Amino acid sequence: MSSQVKDVRAFGSGNINDTFLVTVADAAEPHFVLQRINTHVFLQPELVMQNMRIFTNHICDKLQSEVNNPERRWAVPRVLLTTAGQDGWLEPDHTYWRAISFIDDAESIDIIKDVDHGREVGYALGRFHHLISDLDPTQLADTLAGFHITPQYLEYYHRVLPTHTIAPNPEVDYCLKFVEQRQEWARVLEDAKSAGKLPLRPIHGDPKVNNVMICTTTQQAIGIIDLDTVKPGLVHYDIGDCLRSGCNPLGEETKDWKQVYFDVQMCRSMLQGYLSQASEFLTDYDYEYLFDGIRLIAFELGLRFFTDHLAGDVYFKVKHPNHNLDRALVQFKLTESIEAQAQAIRKIIEDLRP
Ligand code: GN1
Ligand code: MG
């Protein structure tokens, strides 16, 4: 890139990588996104880039084949190459950097606004799954071993538990009991996978609300970003992650954890949006395990935050000492609300099932 850099500023609210918006002078595209990949999490960033190349090519080919019958504008972030033609670069201090194109005329929104926004977020995940549903998952490298494998997060939790130095307090006690009571059930998706009921497919890995780009003119979803965790997995991880994020009207960073609840009407709207794109490849077993996926990923994220709190905040970025504990409480409260409304959620799934 030979254009002059006018501005570089921190961008987004990621918990893992560092993201910057760069503005350049005299370029066809005035902005691009610069990211420092967290190499303590993504141990082989070159494999992240390799995956990105494979599925981006697949999606672009598929969009090309739809030109006569376009669903709607769908933007795919492009990797911008270095002057030497590489898709990332390693600094002497071992930090790994890469640049990707900025999606214009669209915004990412942290907390769900209303059921129309919810339907769009669901649609975006369904559209993304549809676009990669015929990509052989074995073509994608496993860039983050154990990601969304709940029993492995539990094993790590049990390794951390005897070593932590946090003084007992009511919130920590609540979390300890919460995890204790759900250990057996936490194998539910992995057991179904081992039994051959749920297949590995390419998934997004992190389809939370603010990773869906909403067109500022039409308010329609026109793309999904944060593609570092695209790898083989269960679509249930994605559906669960999308719903735990979108059906929590207070958002995952609220301090008011006792007020957190799962919004069932939003769940209906998000699933409607999702299934409008995804029903063609979902099997009977997929539907059977949807409720468990929704409940599990909220629980799993709570467990991941709580374990990180006990471990001394070594994984997620934090802004204050109890940040990961606060986040865990939000997810556990959300899980509780999902459990309390199990019947209503299962009914929605049945109603929407084609
Ligand atoms: C992390 O960095 P960010 O915000 O895109 C995490 C997700 C969590 C999310 C919770 C690689 O994503 O799994 O759901 O925080 N990503 C990784 O906000 O662990
Ligand atoms: Mg992410």
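Every number for a ligand or one of its atoms is a count from 1 in the order of the listing. Predicted, not measured: the structure shown is a model, and the values here were computed from it.
- Of the N or O atoms in Phe147, none lie within a sub-3.5 Å distance of an N or O in ligand 1.
- Less than 4.0 angstrom separates some heavy atom of Tyr315 from each of these atoms of ligand 1: 11 (C), 17 (C), 19 (O).
- Listed by number with element, the atoms of ligand 1 under 4.0 angstrom from any heavy atom of Leu144 are 11 (C).
- The hydrophobic cluster containing Tyr285 also contains Tyr287, counting ILVMFWY residues as joined when their side-chain heavy atoms lie under 4.5 angstrom apart, directly or transitively.
- Taking a cutoff of 4.0 Å between a charged side-chain nitrogen and a carboxylate oxygen, Lys333 and Glu339 do not qualify as a salt bridge.
- Remark: ligand 1 atoms within the under-4.0 Å shell around heavy atoms of Asp226 are 5 (O).
- Salt bridge status for Glu252 with Arg327: absent, with no side-chain N to carboxylate O gap under 4.0 Å.
- Classified by interplanar angle (parallel below 30°, tilted 30° to 60°, perpendicular above 60°), the ring pair His323/His320 is parallel.
- Note: an N/O pair closer than 3.5 Å links Glu252 and ligand 1 by distance alone.
- Residue Asp206 has at least one N or O atom closer than 3.5 Å to an N or O atom of ligand 1.
- No cation-pi contact links Arg244 to Phe299, judged by a cut-off of 6.0 Å to the six-membered ring centre and 45° from its axis.
- Using a 4.0 Å cut-off between charged nitrogen and carboxylate oxygen, Asp241 and Lys208 do not count as a salt-bridge pair.
- Ligand 1 has no nitrogen or oxygen under 3.5 angstrom from a nitrogen or oxygen of Asn17.
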